[in-house]
Participant: 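Mind looking over this structure? Questions follow.
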Amino acid sequence: MEFLYSIQSLVARNVVESKLGEVNSICGADVSYWRGEAFGVAVKEEGERREINRVKAKVEFPYVPGLLFVREAPVVIHLLKDVGCDLTFIDGHGLAHPRFAGLATVVGVLLGRPTIGVAKSRLVGELVEEGETTFLEVKGRRVGVKRGRYYYSIGNMVTLEDVIKFSFTYPSVLAIADQETKRFRREGQQELPKGEESG
DNA sequence: GCGACAG
DNA sequence: ATCTTGTCGC
Ligand SMILES: [Mg+2]
């Protein structure tokens, strides 16, 4: 476990908080599970064009709060490495993490591209209200905002201001990815319903 | 030691 | 995340 922590510390030290450039293409990735199998989906939107990538993989490591990247980063990175995007949304926190290295940050740093983490619940940090905005702070560091029921945080190569700009509407790429990841799972389920041969 | 705890 | 129908509320 200490080994995984050191990896996260290294990732955290390589995060770049730079201003986002022009955004013409947006990507999003999500993963669903069934019997130890991960069903990953990446969605890319550029204008009216929509591209969808899928991959099924076996996942051994259990879910441990703070170590989600061990389960999902390999799948998500595989799906996105050959798909360029100006900005990528990841289902999970970015810097809003105990060691400032949530899934969105790990993916962003390893792929060297802009990412924003979007989570449905809080992992760590305190909420600080300032006018219309509710910020998320971890160990005194302002890493994101809570908008509606979602938490948006810096992944990599974006600023807090960029995160705020994209926090007003839930990313359609994530909605589609979540939807497609479940459709993909159904296909994998009907292949082995109950007690059919598995090999 | 106890409580919290992304997906 | 997954197991799962209806039900209460905006
Ligand atoms: Mg997910």
Side-chain angles (χ1 to χ4, degrees), chain A residues 1 4-5 7-9 11-12 15 27-43 54-80 88-110 115-127 134-139 141-156 158 163 166-167 170-171 173-195:
Chain A
M1 200 69 78
L4 296 175
Y5 280 18
I7 289 178
Q8 293 183 312
S9 295
V11 167
V15 172
C27 282
D30 193 15
V31 181
S32 65
Y33 303 87
W34 185 63
R35 295 185 178 181
E37 291 260 74
F39 297 80
V41 170
V43 177
R54 322 190 302 181
V55 67
K56 181 170 67 175
K58 290 186 171 51
V59 175
E60 306 288 345
F61 204 81
Y63 166 68
V64 178
L67 294 178
L68 177 65
F69 87 100
V70 179
R71 283 167 65 79
E72 305 198 350
V75 175
V76 173
I77 290 176
H78 179 76
L79 286 166
L80 297 169
T88 299
F89 288 100
I90 298 297
D91 183 34
H93 295 290
L95 293 185
H97 178 279
R99 293 169 291 284
F100 300 100
L103 179 63
T105 294
V106 173
V107 172
V109 170
L110 294 185
T115 60
I116 289 179
V118 184
K120 306 175 191 62
S121 61
R122 186 189 67 87
L123 173 59
V124 293
E126 307 75 49
L127 296 179
T134 299
F135 294 95
L136 217 199
E137 297 185 353
V138 177
K139 298 175 183 175
R141 180 178 175 185
R142 193 159 287 190
V143 299
V145 298
K146 179 182 190 322
R147 186 84 63 189
R149 52 184 298 203
Y150 299 105
Y151 296 78
Y152 299 77
S153 62
I154 295 170
N156 184 46
V158 298
V163 172
F166 285 93
S167 70
Y170 186 74
V173 287
L174 287 184
I176 298 297
D178 177 69
Q179 177 187 317
E180 288 302 313
T181 202
K182 289 169 182 169
R183 177 202 300 289
F184 185 21
R185 185 176 61 194
R186 287 173 216 146
E187 295 174 17
Q189 288 181 39
Q190 71 178 70
E191 286 175 18
L192 290 177
K194 295 185 176 63

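Below, chains carry the letters A, B, ... as their sequence lines are ordered, and counting in each starts from 1. Not measured: the values here are computed from a predicted model. Scope of the values below: all heavy atoms of this structure, side chains included, with no hydrogens, waters or symmetry mates.
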Participant: Would Glu72(A) and Tyr33(A) count as having a side-chain donor-acceptor pair, cut-off 3.5 Å?
Facilitator: yes

Participant: Students often get this wrong, so: under 4.0 angstrom with heavy atoms, is Ile90(A) touching a base, only sugar-phosphate, or nothing?
Facilitator: nothing

Participant: In what stems does DNA chain B take part, counting only runs of at least 3 consecutive Watson-Crick or G-U pairs whose two distances fall under 3.5 Å?
Facilitator: none

Participant: Which two nucleotides bound the region of DNA chain B that has atoms under 4.0 Å from heavy atoms of chain A, read 5' to 3'?
Facilitator: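 Contact span on the strand: dA4(B) to dG7(B).
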
Participant: Looking at every strand, decide which applies to Tyr33(A) at a 4.0 Å heavy-atom threshold: base, sugar-phosphate, or nothing.
Facilitator: sugar-phosphate

Participant: Without decimals, in angstroms, what is the distance between Lys56(A) NZ and dA1(C) P?
Facilitator: 20 Å

Participant: Are Arg141(A) and Phe100(A) in a cation-pi setup, meaning NZ or CZ lies under 6.0 angstrom from the ring centre and within 45 degrees of the ring axis?
Facilitator: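 Here Arg141(A) passes the 6.0 Å and 45° test against Phe100(A).
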
Participant: Could you tell me whether a side-chain N or O of Lys146(A) sits under 3.5 Å from a main-chain N or O of Gly148(A), the two making a donor and an acceptor?
Facilitator: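 Confirmed, Lys146(A) side chain pairs with Gly148(A) backbone.
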
Participant: Going by the side-chain contact (heavy atoms from CB on, under 4.5 Å) test, name the single residue among Glu187(A), Arg54(A), Lys56(A), Glu180(A) that passes it with Phe39(A).
Facilitator: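 Going through Glu187(A), Arg54(A), Lys56(A), Glu180(A) one by one, the side-chain contact (heavy atoms from CB on, under 4.5 Å) with Phe39(A) is satisfied by Lys56(A) alone.
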
Participant: Examine Phe166(A) together with Tyr152(A) and report whether their ring centres are nearer than 6.0 Å.
Facilitator: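 Ring centroids of Phe166(A) and Tyr152(A) are no less than 6.0 Å from each other.
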
Participant: Could you tell me whether a side-chain N or O of Lys139(A) sits under 3.5 Å from a main-chain N or O of Gly125(A), the two making a donor and an acceptor?
Facilitator: no

Participant: Has the side chain of Ser153(A) got a donor or acceptor atom that lies under 3.5 Å from a matching backbone atom of Gly144(A)?
Facilitator: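 Not confirmed, Ser153(A) side chain does not pair with Gly144(A) backbone.
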
Participant: Could you check whether any side-chain heavy atom of Gln179(A) comes within less than 4.5 Å of a side-chain heavy atom of Leu174(A), counting everything from C-beta outward?
Facilitator: no

Participant: Whole angstroms only, please: what is the CZ-P distance between Arg35(A) and dC3(C)?
Facilitator: 10 Å

Participant: For Gly66(A), which contact category applies under a 4.0 Å heavy-atom criterion: base, sugar-phosphate, or nothing?
Facilitator: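 Result for Gly66(A) = base.
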
